[in-house]
Engineer: 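Can you keep this structure in mind? I'll have questions shortly.
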Amino acid sequence: MTDRELDAAGITDPALRDAYTRCRYLNARHGRTYFLATRLLPPARRPAVHALYGFARWADDIVDHLDDGTPPTERRAALLRLGQALEAGLRDGHSTEPVVHALADTAARYGIDHRHFTDFMASMRDDLVVTDYATYEELRGYMHGSAAVIGLQMLPVLGTVVPRERAAPHAAALGMAFQLTNFLRDVGEDLDRGRIYLPADLLAAYDVDRALLRWSRDTGRADRRITEALRAAEHLTRGVYREAAPGLAMLDPVARPCIRTAFVLYGAILDTIAAEGHAVLHRRAVVPRRRRAAVALDGLARVTAARLRAGSTPPLPGAAGAALLRAGESRPLLRQSAISKPPLRPAGTGEAG
């Protein structure tokens with residue numbers, strides 16, 4: 001995290017600055033699309049976004065990305081420790097765990113409802129035991145905690161031009177739309193972890209089940225039934241984007257370019273999936289660099305116009321434009337010189353490997 005961002009946010013305590021920097025690393029390491037979109041926010045708001053997403057990424061590391069072979073009991077214990085640290089941090093306003101420290105500070109600064117974090121942790125616990133969802137309604141229940149609440153956490157940071165409760169349903173829908181996009185893109189990887197995040201009743205409507213998905217994944221062969229089911233999942237996801245879209249105009253004008261850029265880039269993942277014949281079991285859909293660059297430049301133009309209208313300093317076109325133009329790279333946008341310390345491992349998992 002740059003000193004400029006921390007200074008703009010009024011974060012002066014050295015330990016807190018370090019905590020926010022670590023959150024930025026976690027966000028950048030995992031969330032290329034949204035990390036880049038965050039660069040379009042006013043500098044003062046970026047640390048809070050990194051704290052929210054960094055914490056979410058850290059919890060996700062416990063659930064999905066610990067060293068291979070980590071027993072479920074250790075994952076549960078690590079997630080329990082994180083939950084306890086979160087509860088104490090939100091209560092006390094600080095924590096000895098740097099990522100929780102930054103999150104607690106953000107929650108206090110922006111008055112974020114603590115129930116959103118409680119709901120998030122409940123869905124993370126579900127990930128340790130639930131491997132299938134029978135219906136879309138069941139899946140939406142999970143996504144409330146894993147994705148919708150992220151949108152709700154973000155609203156106080158982004159700001160709105162309407163009463164927050166009016167924008168909240170659209171923010172929740174946007175969080176779910178992004179996650180549904182990830183579910184569709186990552187269906188093969190999730191299957192390898194033993195999970196299916198596509199509703200079983202949707203799959204069954206096309207005579208698709210876990211065994212058929214596993215066969216296709218293992219053999220590399222396509223099946224018309226799977227393609228049709230994935231196409232139906234794509235159409236379902238686009239419907240959730242339509243639910244979310246009216247909320248863009250409800251955001252603070254200087255925050256809109258960030259969220260609009262993420263909205264368009266995530267939608268482009270769906271476009272790529274469709275253009276490649278819904279072959280997500282066999283290869284990861286990647287948005288072409290040229291399209292990512294065009295969306296990034298449009299976002300930069302929009303944020304410059306919004307800040308000029310608001311009477312604030314526009315972003316530096318050279319630095320911001322160069323960063324956003326690298327949006328099409330196949331690895332996260334990170335420079336070691338911008339990271340003061342190595343990333344944290346999830347609580348209770350030992351040293352970083």
Side-chain angles (χ1 to χ4, degrees), residues 1 5-6 8-31 34-35 38 44-66 74-128 144-158 164 171 175 339-352:
M1 183 169 301
E5 292 171 354
L6 294 167
I11 299 168
T12 58
D13 177 74
L16 193 56
R17 289 171 74 94
D18 180 69
Y20 274 104
T21 298
R22 295 187 184 208
C23 288
R24 182 185 188 275
Y25 183 97
L26 288 169
N27 190 12
R29 185 175 60 159
H30 291 295
Y34 199 76
F35 174 75
T38 301
R45 302 191 199 183
R46 294 176 200 166
V49 175
H50 292 316
L52 295 173
Y53 273 81
F55 177 82
R57 297 294 179 183
W58 193 27
D60 187 63
D61 270 352
I62 293 175
V63 172
D64 283 334
H65 299 293
L66 296 186
E74 289 188 23
R75 295 177 191 271
R76 282 195 291 272
L79 199 61
L80 175 63
R81 288 191 292 272
L82 178 59
Q84 292 170 338
L86 172 65
E87 181 179 357
L90 292 174
R91 181 187 65 239
D92 301 335
H94 60 84
S95 176
T96 56
E97 294 283 5
V99 175
V100 176
H101 189 32
L103 182 76
D105 182 71
T106 290
R109 285 172 184 261
Y110 288 95
I112 300 172
D113 191 333
H114 292 183
R115 289 177 298 179
H116 298 329
F117 303 108
T118 302
D119 291 347
F120 172 78
M121 293 302 295
S123 285
M124 294 301 97
R125 290 192 294 272
D126 285 347
D127 264 335
L128 295 177
H144 166 75
S146 63
V149 297
I150 303 296
L152 297 174
Q153 292 168 18
M154 286 283 293
L155 268 187
V157 179
L158 298 172
R164 195 178 298 167
I339 303 165
S340 63
K341 292 189 177 182
L344 293 176
R345 291 290 289 169
T349 63
E351 295 298 322

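The analysis underlying the following values was restricted to heavy atoms, covering all of them including side chains, and did not include hydrogens, waters or symmetry mates.
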Engineer: Kindly compute the distance separating OG1 (Thr21) from CG (Leu16), expressed to the nearest 0.5 Å.
Structural biologist: 9.5 Å

Engineer: State the CG-CD distance between Asp92 and Glu87, to the nearest 0.5 angstrom.
Structural biologist: 10.0 Å

Engineer: Measure across Cys23 and Ala102 and return the closest heavy-atom pair with its distance rounded to 0.1 Å.
Structural biologist: SG-CB, 3.7 Å

Engineer: Say whether, by atom type as modelled, one donor and one acceptor occur between the side chain of Arg75 and the main chain of Ile62 under 3.5 angstrom.
Structural biologist: yes

Engineer: Specify the closest pair of heavy atoms between Leu90 and His114, including all atoms of both residues, with the distance to one decimal.
Structural biologist: O-CE1, 3.5 Å

Engineer: Can you confirm whether Tyr25 sits close enough to Val99 that some side-chain heavy atom of one is under 4.5 Å from a side-chain heavy atom of the other?
Structural biologist: no

Engineer: On a heavy-atom basis, which atom in Val100 and which in Leu86 lie closest, and how many Å separate them?
Structural biologist: CG1-CA, 3.9 Å

Engineer: Where is the tightest heavy-atom contact between Phe120 and Ala56, given as atom of each residue plus distance?
Structural biologist: CZ-CA, 3.6 Å

Engineer: Any salt bridge linking Asp61 with Arg57? Criterion: basic side-chain nitrogen under 4.0 Å from a carboxylate oxygen.
Structural biologist: no

Engineer: If every non-hydrogen atom of Ala171 is compared with every non-hydrogen atom of Leu155, which pair is closest and at what distance?
Structural biologist: CB-CG, 3.8 Å

Engineer: So, applying side-chain contact (heavy atoms from CB on, under 4.5 Å) with Leu52, which one of Ile150, Val149, Val157 is it?
Structural biologist: Val157

Engineer: When rounded to the nearest 0.5 angstrom, what distance separates CH2 in Trp58 from CZ in Arg22?
Structural biologist: 10.0 Å

Engineer: Can Phe55 and Gln153 be said to form a side-chain contact (heavy atoms from CB on, under 4.5 Å), step by step?
Structural biologist: CA-CA 12 Å; Phe55 177 82; Gln153 292 168 18; over 6 Å; no

Engineer: Drop me the distance from Asp126's CG to Ser146's OG, to the nearest 0.5 angstrom.
Structural biologist: 9.0 Å

Engineer: Hey, what do you get for CG (Leu80) to CE (Met121), rounding to the nearest 0.5 Å?
Structural biologist: 8.5 Å

Engineer: Would you call Arg109-Asp105 a salt bridge at under 4.0 Å N-O?
Structural biologist: yes

Engineer: For the residue pair Phe35 and His50, does the interplanar ring angle fall in the parallel (under 30°), tilted (30 to 60°) or perpendicular (over 60°) class?
Structural biologist: tilted

Engineer: With rounding to the nearest 0.5 angstrom, report the OH to CE distance, Tyr53 to Met154.
Structural biologist: 5.0 Å

Engineer: Can you confirm whether Arg24 sits close enough to Glu5 that some side-chain heavy atom of one is under 4.5 Å from a side-chain heavy atom of the other?
Structural biologist: yes

Engineer: Salt bridge or not for Arg164 and Asp113, using N-O below 4.0 Å?
Structural biologist: no

Engineer: Return the minimal non-hydrogen interatomic distance between Ile11 and Pro47, and the atom names on each side.
Structural biologist: CD1-CB, 3.9 Å

Engineer: With under 30° as parallel and over 60° as perpendicular, where do the rings of His94 and His101 fit, or are they tilted in between?
Structural biologist: perpendicular

